[in-house]
Amino acid sequence: MTDPDETSPIEELLGGAHRNTLVERMGIEIMEASAERVVATMPVEGNTQPYGLLHGGASCVLAETIGSVGSALHAGPGRIAVGIEISATHHRSATSGLVTGVATRLHGGRTVATYDIEITDEQGRRVCTSRLTCMLRDAP
């Protein structure tokens, strides 16, 4: 069991910004994060629609979370990333276990960053393909 007061390297990187947010409620765990690539997992359990399948909105939450993390890292200190467009194609259902999202930067400019996100099940089968574009701004 991990100590709740311990800080993981990813939490240090993100500054605990995910605490008490949707990311925490969905059970999203960021495993790797850089401006070029972000990897995270999310449990299917607790994130399903009434038929017991992974909710499409949950896939979008995972995609927007990891694309936004990458965008914020790309933007750098003193800047923020705000999602302005997301698309998602749902290829197959997931009913148990974890899904893994991998966000890969397609474009990283001064004012806009775009990420391709692939979400797969534990067998490596693609569940969802998403694309997120974030606007990069100076922090308020």
Side-chain angles (χ1 to χ4, degrees):
M1 184 169 210
T2 60
D3 181 345
D5 294 327
E6 283 185 30
T7 309
S8 75
I10 297 299
E11 286 175 345
E12 287 178 23
L13 178 69
L14 300 176
H18 68 285
R19 290 184 191 252
N20 299 315
T21 66
L22 184 58
V23 172
E24 189 173 67
R25 283 186 214 98
M26 301 287 287
I28 296 171
E29 295 284 336
I30 297 174
M31 313 307 285
E32 170 189 330
S34 71
E36 295 79 27
R37 183 173 188 260
V38 180
V39 179
T41 61
M42 180 180 71
V44 172
E45 185 178 342
N47 293 317
T48 60
Q49 37 95 315
Y51 306 114
L53 308 174
L54 178 65
H55 195 292
S59 293
C60 289
V61 169
L62 176 58
E64 183 146 0
T65 297
I66 62 178
S68 294
V69 167
S71 295
L73 292 170
H74 169 75
R79 304 204 71 214
I80 61 169
V82 180
I84 58 172
E85 183 176 26
I86 189 167
S87 66
T89 301
H90 306 289
H91 305 289
R92 70 179 331 118
S93 61
T95 57
S96 64
L98 293 175
V99 290
T100 300
V102 178
T104 305
R105 187 175 61 196
L106 292 177
H107 170 78
R110 191 181 71 73
T111 59
V112 171
T114 301
Y115 285 76
D116 246 350
I117 300 106
E118 179 181 326
I119 299 173
T120 57
D121 63 16
E122 290 181 317
Q123 290 74 43
R125 298 175 299 192
R126 190 179 296 227
V127 172
C128 177
T129 300
S130 184
R131 179 174 286 188
L132 175 72
T133 299
C134 289
M135 178 173 52
L136 310 177
R137 304 181 50 166
D138 292 335

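All values below come from the heavy atoms of this structure, side chains included, with hydrogens, waters and symmetry mates left out. Values in this document were obtained by computation on a predicted structure and should not be read as measured data.
Clustering of Ile, Leu, Val, Met, Phe, Trp and Tyr by side-chain heavy atoms under 4.5 Å joins Val82 with Ile80. Leu53 shares a hydrophobic cluster with Tyr51; the chain of contacts runs through ILVMFWY side chains whose heavy atoms sit under 4.5 Å apart. Taking Ile, Leu, Val, Met, Phe, Trp and Tyr as hydrophobic and joining them when side-chain heavy atoms fall under 4.5 Å apart, one finds Ile84 in a cluster with Met135.
In terms of modelled atom types and a separation under 3.5 Å, the side chain of His74 and the main chain of Val112 share no donor-acceptor contact.
In this structure, Ala72 and Ala81 approach most closely via the heavy-atom pair N-CB, 3.7 Å. In plain terms, the two heavy atoms of Leu132 and Ser68 that are nearest each other are CD2-N, 3.5 Å. Annotation for Ser71 and Tyr115: closest pair OG-CE1, 3.3 Å, computed over non-hydrogen atoms. Taking both residues in full, the closest heavy atoms of Val69 and Ala33 are given as CG1-CB, 4.2 Å, listed atom of the first, atom of the second, then distance. Closest non-hydrogen pair, Ile86 versus Ser130, comes out as CG1-OG, 3.6 Å. Contact detail for Ala103 and Ile117: the closest heavy-atom pair is CB-CG1, 3.7 Å.
Under the side chain to side chain contact (heavy atoms under 4.5 Å, CB included) test applied with Thr65, the options Thr21, Val38, Val23 reduce to a single match, Val23.
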Using distance only, find each side-chain donor-acceptor pair of residues 54-62 under 3.5 Å and give its atom names and separation, not counting sequence neighbours.
residue: His55; atom: ND1; partner: Gly57; partner atom: N; Å: 2.8

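Under the salt bridge (charged side-chain N to carboxylate O under 4.0 Å, His left out) criterion, the residue pairs touching residues 107-116 are Asp116-Arg131, with sequence neighbours excluded. Among residues at least two apart or in separate chains, side-chain hydrogen bond (donor to acceptor under 3.5 Å, both in side chains) pairs with a member in residues 78-90 are Arg79-Asp138.
Met26 and Ile66 fall within the same hydrophobic cluster, where Ile, Leu, Val, Met, Phe, Trp and Tyr residues are linked whenever their side-chain heavy atoms come under 4.5 Å apart, directly or through other members. Taking hydrophobic clusters as Ile, Leu, Val, Met, Phe, Trp and Tyr residues chained together by side-chain heavy-atom distances below 4.5 Å, Leu106 does not share a cluster with Ile119.
With rounding to the nearest 0.5 angstrom, the CG atom of Leu98 is 10.5 Å from the CD atom of Glu45.
Taking Arg125 as the reference, Asp121 meet the salt bridge (charged side-chain N to carboxylate O under 4.0 Å, His left out) condition, with sequence neighbours excluded. Residues passing the salt bridge (charged side-chain N to carboxylate O under 4.0 Å, His left out) test with Arg137: none are found, sequence neighbours excluded. Scored by the salt bridge (charged side-chain N to carboxylate O under 4.0 Å, His left out) test, Glu36 finds Arg105 as partners (sequence neighbours excluded). Under the salt bridge (charged side-chain N to carboxylate O under 4.0 Å, His left out) criterion, Glu118 pairs with Arg126, sequence neighbours left out. Judged as a side-chain hydrogen bond (donor to acceptor under 3.5 Å, both in side chains), and not counting sequence neighbours, Arg92 has no contacts. Applying the side-chain hydrogen bond (donor to acceptor under 3.5 Å, both in side chains) test to Thr114 and every residue at least two apart in sequence or in another chain returns Thr133.
The 12-atom threshold is exceeded at CD of Gln49, counting heavy atoms of other residues, nucleotides or ligands nearer than 6.0 Å.
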